[in-house]
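A note on names: the letters A, B, ... follow the listed sequences, proteins ahead of strands, and every chain is numbered from 1.
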Protein chains: 4
Amino acid sequence: MVSRGRPRDMQVDERVLRIAAALMLERGYAGLSIDEVAEQAGAAKTTLYRRWPTKDHLAVAVVARLQADDEIADTGDIRADLVNYLEKIAAGLNRMRAAGHRQGPSAGTVGELVAAAARHEDIGRLTREQYAERNALALALIERARVRGELRADLDAEALFDQMAGALYYRVMITGAPVDRAYAERLVSSALEGNLTCH
Amino acid sequence: MVSRGRPRDMQVDERVLRIAAALMLERGYAGLSIDEVAEQAGAAKTTLYRRWPTKDHLAVAVVARLQADDEIADTGDIRADLVNYLEKIAAGLNRMRAAGHRQGPSAGTVGELVAAAARHEDIGRLTREQYAERNALALALIERARVRGELRADLDAEALFDQMAGALYYRVMITGAPVDRAYAERLVSSALEGNLTCH
Amino acid sequence: MVSRGRPRDMQVDERVLRIAAALMLERGYAGLSIDEVAEQAGAAKTTLYRRWPTKDHLAVAVVARLQADDEIADTGDIRADLVNYLEKIAAGLNRMRAAGHRQGPSAGTVGELVAAAARHEDIGRLTREQYAERNALALALIERARVRGELRADLDAEALFDQMAGALYYRVMITGAPVDRAYAERLVSSALEGNLTCH
Amino acid sequence: MVSRGRPRDMQVDERVLRIAAALMLERGYAGLSIDEVAEQAGAAKTTLYRRWPTKDHLAVAVVARLQADDEIADTGDIRADLVNYLEKIAAGLNRMRAAGHRQGPSAGTVGELVAAAARHEDIGRLTREQYAERNALALALIERARVRGELRADLDAEALFDQMAGALYYRVMITGAPVDRAYAERLVSSALEGNLTCH
DNA sequence: AACTAAGCGAGACGGTACGTCCCGTCTTGAT
DNA sequence: ATCAAGACGGGACGTACCGTCTCGCTTAGTT
């Protein structure tokens, strides 16, 4: 089957995403309007809808782009590796925090994306898969540390990771507390060392 | 300051919140329409707007009401107390999960509320305060356990609590994984016992 | 039947009408808001509604007050008397012209009052009666001039007056053309002298 | 300039104006609701607002349409021509009289339009232009009669026309007196023949 | 002096419509 | 088949006033 008709203009994708990102960072999710993106990008709305079936889809694409492909390093020091990884996640979240609303404490955009994922089955599936992939790397990291004896043999890796990542999201979305390297270190310490008294 | 003018009709608040809750649980955040709530409640839109200046404000009020006043028990067994408390939080989140979107895994409504808190300074401040209050109780619980020697003397109570609560929110909003008593127990175990190998 | 209860405060009437007039002249009919008048007058809305059952009624009262009680002089010179009388009417209309809309050519307020008279049977009846009274004076003036031989014996006094007064209203409401003493003189000349060629 | 984008659907204009006219004639100006017109016309409110930026604009368009394009005949008999023309104007006004308010004597709708013209600069300009155009025809008619010797050489055509047209509007809007062919004849007689005694 | 009746300021209430915003779909003619 | 342009149906939002109502207080005349 040969491709027929006029080929898609890839520059449009680029322009649209760039402008959409600018709008979203400047005015937040609500300030991201398809009409305005189209106009500013000199593109037709139909052109946008051909690529992203929904404003939500476009927004997800925009955010996906903003988030660095957090590579995960394995130095053999699980504590340092975790801190570094958490810091990368935190950096991405803090970037969201700045979106719209002149740097409020809470990252509304993250909330909007959660909502978008709930509204559209495909977005939900997609983002869950992406998170699963990403988290699998972290779980593998933990697993290797366990195998080589740094961590307890019977640990609950999933719970451990949820605890640390979750705490970041919790602060960013709910309590509005800061999320930085210092906090990442506290988290890792608390999670790894345990909190019971030593017997 | 003396009260003047016709007093507000409290039954309106009651009726409106009840109907708004029903709408929101049945059809989700987007399905909560001020016009419809007003009509069904036999109230004028202006009456709603006198109480809640925005749909977002109403939605927050509705959810605040849905969440049981999670009392926190202190039995002296920190482990059990934490599990119980987390389970209560999980129950509230699971209730949100059911809202609209035919029981999707992710709680879109929670995301919407986070977004609302970011859109409106006052909502943000309010919800952060409420969370702070609620969390203070949990922190006090932990503190008492520390004092009586159940927990390490130098623990980071805040990090500890963020970890557990955050994990719940993370699952509900991000990964879509289940959140139940079993998971609460895993969380508490992981957080309290630590994950390093014993030296 | 003796008066019972607290007597009405006449100062309220005064204050309200003054403020309503100011609002109407400044911002036009639409800018006359019962809520605002009440607030500025330090009166309750109920107090206004006790006196004027409708915004329209208040507006009519305001305008009635603005229009000077055009006395009509009979000097024996019908031409001069008519010009003077028309000029008085024109002055009243020009005052309306200034209301709201930064001195537009057309007197919107007069139109609003016509509309109000159509909306409320009582206002309509009242204003028609007032006009009838006022016009009766002019008709009597014309009649006296006819009797003493200044005007044709078989003239149609009503048509004559309608022509002159009507032309003023027509300009003020419809064409927006100016209405001043010079125009009053042209009107009287045209109406009295006739326009056919002399045979 | 090439036409681009989807062309406007002229049938919408047609349908909307028809329905709006029906509503206005049946229930008067206040009974003309954009929401209702849109619904009955099966059009979106935005579609209406794209064409008429305001309810006032729509109302003016509706009325403009109701008024027959009064052609003006020139038979050489100025008296008859004027009577015929005035009768046409009267017919249009009487049609307005019936609008809403169960056939009141006063044409509230005409008043509303005058008010609308004062509220919106563009409407005012437009209607004044339309009246100017229409009146120019009548003035030309008068002028031709003057030239051919039917009327006085030094007559004031504008004043003459204002008198006759104005009298009609005056009755319709102010005194509520009837406006029919008989009255048109009285007007023309009075205006043409003059009212002074013959010397 | 107590009672009754109306007036009054304040402000909540039901109601109606407005004009706006934005979404996602469509129709057109040109590439 | 894609594109720019832009009209369209649809749905909700938040606003503005209207005219009515309920309060508690004030100001009289009546008993």
Touch class at under 4.0 angstrom, heavy-atom based, for A43(A) against every strand present: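 Touches sugar-phosphate only.
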
Name the closest nucleotide to the [X] side chain, picking from [options].
X      : options                  : result
I34(D) : dG9(E), dC18(E), dC8(E)  : dC18(E)
A44(D) : dT20(E), dG10(F), dC8(F) : dG10(F)
T47(C) : dC13(F), dC8(E), dC18(F) : dC8(E)

Comparing L32(C) and R15(A) on DNA chain F - which has the more 5′ nearest nucleotide: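 Nearer the 5' end of the strand: R15(A).
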
Along DNA chain F (nearest heavy atom to each residue), the more 5'-positioned of G42(A) and R51(D): G42(A)

Between the protein and nucleotides 26-28 of chain E, are there any N/O to N/O pairs under 3.5 Å, and if so, what are the atom names and distances?
| unit_1 | atom_1 | unit_2 | atom_2 | d |
| --- | --- | --- | --- | --- |
| dC26(E) | O2 | R6(D) | NH1 | 3.0 |

Residue mapping more 5' on DNA chain E - nearest nucleotide basis, A38(C) or E36(D): A38(C)

Closest-nucleotide ordering on DNA chain E, the 5'-leading residue of R50(C) and K55(A): R50(C)

d([atom1], [X]; [atom2], [N]) in whole Å:
X      : N       : atom1 : atom2 : value
L48(B) : dA12(F) : CG    : P     : 15 Å
W52(C) : dC17(F) : CH2   : P     : 19 Å
R8(C)  : dC8(E)  : CZ    : C1'   : 11 Å
D9(C)  : dT27(F) : CG    : P     : 10 Å
D35(D) : dG15(E) : CG    : C1'   : 14 Å
E39(C) : dA16(F) : CD    : P     : 13 Å
Q40(A) : dA4(F)  : CD    : P     : 15 Å
Q11(A) : dA4(F)  : CD    : C1'   : 16 Å

Side-chain donor/acceptor of K55(B) to backbone N/O of L32(B), under 3.5 Å: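 Such a contact is found between K55(B) side chain and L32(B) backbone.
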
Minimal non-hydrogen separation, G108(D) against A118(C), with atom names: CA-CB, 3.3 Å

Phosphate OP1/OP2 of dA16(F): any S33(C) side-chain N/O under 4.0 Å: no

side-chain contact (heavy atoms from CB on, under 4.5 Å) assessment of I34(D) paired with Y49(D): CA-CA 9 Å; I34(D) 297 279; Y49(D) 278 106; 3.7 Å; yes

In residues 14-21 of chain C, what donor-acceptor pairs under 3.5 Å come from side-chain atoms, sequence neighbours left out?
| unit_1 | atom_1 | unit_2 | atom_2 | d |
| --- | --- | --- | --- | --- |
| E14(C) | OE1 | R65(C) | NH2 | 2.5 |
| R15(C) | NH1 | A41(C) | O | 2.5 |

Residues which pass side chain to side chain contact (heavy atoms under 4.5 Å, CB included) with D56(A), listed by chain and number, not counting sequence neighbours: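 For D56(A) the side chain to side chain contact (heavy atoms under 4.5 Å, CB included) partners, ignoring immediate neighbours, are Y29(A), T54(A), A116(A), R119(A), H120(A), I123(A).
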
Neighbour count >12 (heavy atoms, 6.0 Å) for atom CD, E39(B): no

Distance in Å, D35(C) CG paired with Q40(C) CD, rounded so as to fall on 0.5 Å steps: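 Output value for this atom pair is 11.5 Å.
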
